[in-house]
Amino acid sequence: MDMTNQTLVTEFILLGLSSIPEVESLFFMIFLLMYATILAGNILIITVICLDKRLHTAMYYFICNLSFLDCCYSTVTVPRMLADLLVKRKSISFTACMIQLYFFGSLVSVESLLLAAMAVDRYIAICHPLHYTRIMDQHTCCSLVAGLWVGGFLCTTVHVILISRLSFCKSNVIQHFFCDLPPLLQLSCSNTFINILVIFTLGGVMAFGALLTMAVSYTFIIITILNIKSSEGRSKAFSTCASHLTVVIIFYGVLIFTYFRPTNTNSFPVDRFMSVVYSIVTPMVNPMIYSLRNTEMKKAVTKNMIRVQRMTK
């Protein structure tokens, strides 16, 4: 009997982060606090950018979208993970698993493309400052971001369609705390060559295309900064890129390590740790990176906090 297009399981069992009750209780408190920090920090950035007209520029429009993405893709995994830490049997239906995989993969894809767009934005701002407002106008920014969202979701649609057609007859136990591509491919008893090929081809084109865009942009940025005569000017120009570079290094470092290794070399404990980094830690530190290293953002936050305090008195 041909079982290539049949799925023999209706639900999966997630192993989660730990099976020790005491450790799970500790993890619950830690990750609940981290998730609250993610939402508070990113919502604060979105609110401040929307309220302060001085921040209605392309750079802050992209930062606002980045904060929204961080809220969304952490919400796809963290609430479910927190709920699983409170129960013994961590089950998820096949349909819910595919939905989680789809939205998480789509949002991560959009963020990878958005970081590339932010690099191009910094290139235009530093290398072509006189034409910046004309090139990066509101219409261009909205069209670019809309294209990134569509592209990210279309890319993941291909992966989810392919993986939903696999047979899962070996086991229904996922060695992870959410539905992700590597552990699902390990469970399948079908030939996953096409899936792996698509991951490396489509994902590789997107990830390394974005990385190439950022590399080219920052090459010209560095050349331009080095040609600035005043040390103050060089410092100011570099400070506008430092936050973005920090986020890119963290995000892409973890992403490439997790998804662009041969599947037979995957270490699930390591993968779970790396997934915690890019699904929880990165969205939590992004607001700190952009607010603490950005003078305009700090001024806007302080101004709006004072305004709120006056309104509450």
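Contact check for Ile135 versus Thr140: no side-chain heavy atoms found under the 4.5 Å cut-off. Using a 4.5 Å cut-off on side-chain heavy atoms (C-beta onward), Phe104 and Leu181 make no contact. Phe153 is listed as a side-chain neighbour of Leu107, based on a closest heavy-atom distance under 4.5 Å. In this structure, Tyr60 and Met297 have side chains that are in contact, with non-hydrogen atoms separated by less than 4.5 Å. Within the 4.5 Å cutoff, no side-chain heavy atoms of Phe177 are placed close to those of Leu14. Side-chain contact between Met136 and Thr57 is absent, with no heavy-atom pair separated by less than 4.5 Å. Looking at Tyr35 and Thr75, their side chains come closer than 4.5 Å, going by heavy atoms from C-beta outward. Using a 4.5 Å heavy-atom cutoff, the side chains of Val276 and Leu17 are in contact.
For an aromatic pair to be called close, the ring centres must be under 6.0 Å apart, and Tyr73 with Phe103 fails this. A distance below 6.0 Å separates the ring centres of Tyr123 and His128.
Not a single side chain to side chain donor-acceptor pair (under 3.5 Å) links Ser25 to another residue, sequence neighbours left out. Partners of Asn191 under the side chain to side chain donor-acceptor pair (under 3.5 Å) rule, at least two apart in sequence or in another chain, do not exist in this structure. Legend: residues meeting side-chain contact (heavy atoms from CB on, under 4.5 Å) with Ile223, ordered by chain and number and at least two apart, are Thr219, Asn227. In terms of the salt bridge (Lys or Arg N to Asp or Glu O under 4.0 Å) criterion, residue partners of Arg89 (sequence neighbours excluded) are, by chain and number, Glu11. Take Tyr218 and apply the ring pair (Phe, Tyr, Trp, His ring centres under 6.0 Å) test, not counting sequence neighbours, and it matches His244. Every residue was checked against the side chain to side chain donor-acceptor pair (under 3.5 Å) condition with Thr133, not counting sequence neighbours, and none meets it.
Sequence neighbours left out, not one pair with a member in residues 40-96 passes disulfide bond (SG atoms under 2.5 Å apart). For the disulfide bond (SG atoms under 2.5 Å apart) condition, no pair includes a residue of residues 99-150, sequence neighbours left out. The list of disulfide bond (SG atoms under 2.5 Å apart) pairs with a residue in residues 74-123, not counting sequence neighbours, reads Cys97-Cys179. Sequence neighbours left out, the pairs with a member in residues 62-81 that pass salt bridge (charged side-chain N to carboxylate O under 4.0 Å, His left out) are Arg80-Asp84.
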Would you please test Ile199 and Leu185 for side chain to side chain contact (heavy atoms under 4.5 Å, CB included) and show each step? CA-CA 11 Å; Ile199 289 173; Leu185 290 177; 3.6 Å; yes
Kindly determine whether Leu187 and Phe12 satisfy side chain to side chain contact (heavy atoms under 4.5 Å, CB included), including the steps that lead there. CA-CA 10 Å; Leu187 285 183; Phe12 293 105; 4.1 Å; yes
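Counting only distance, with no hydrogens or angles, the side chain of Glu111 and the backbone of Leu66 share no donor-acceptor pair below 3.5 Å.
The line from CD1 of Ile249 to CE of Met214 is 10.5 Å long, rounded to the nearest 0.5 Å. Taking CD1 from Ile225 and CZ from Phe220, the interatomic distance works out to 14.0 Å, rounded to the nearest 0.5 Å. Taking CE of Met288 as the reference point, atom OG1 of Thr246 lies at 14.0 Å (rounded to 0.5 Å). Taken to the nearest 0.5 Å, the OG atom of Ser112 stands 5.5 Å off from the CE atom of Met206. Between Cys241 atom SG and Ile221 atom CD1 the span is 4.5 Å, to the nearest 0.5 Å. Of the inter-residue distances, the one linking Asn42 atom CG with Leu39 atom CG reads 8.0 Å to the nearest 0.5 angstrom.
Grouping the Ile, Leu, Val, Met, Phe, Trp and Tyr side chains by contacts below 4.5 angstrom, directly or via other members, places Leu33 apart from Leu85. Follow the hydrophobic side-chain contacts under 4.5 Å out from Val87 and you never reach Val23; the two are in separate clusters. In terms of hydrophobic clustering, with Ile, Leu, Val, Met, Phe, Trp and Tyr side chains grouped at heavy-atom distances under 4.5 Å, Val108 and Ile161 are assigned to different clusters. In the hydrophobic clustering of ILVMFWY residues, with side-chain heavy atoms under 4.5 Å counting as a link, Phe273 and Met81 come out together.
Clustering of Ile, Leu, Val, Met, Phe, Trp and Tyr by side-chain heavy atoms under 4.5 Å joins Ile222 with Leu226. Its side chain within the 4.5 Å cluster rule, Leu197 clusters with Val158, Leu162, Phe193, Ile194, Val198, Leu202 among the Ile, Leu, Val, Met, Phe, Trp and Tyr residues.
Residue Phe68 qualifies as open at atom CZ: its count of foreign heavy atoms under 6.0 Å is 12 or below.
For the residue pair Ser279 and Thr77, the shortest heavy atom distance occurs at CB-OG1, 4.0 Å. Listed here is the closest heavy atom pair of Tyr252 and Ala210: OH-CB, 3.2 Å.
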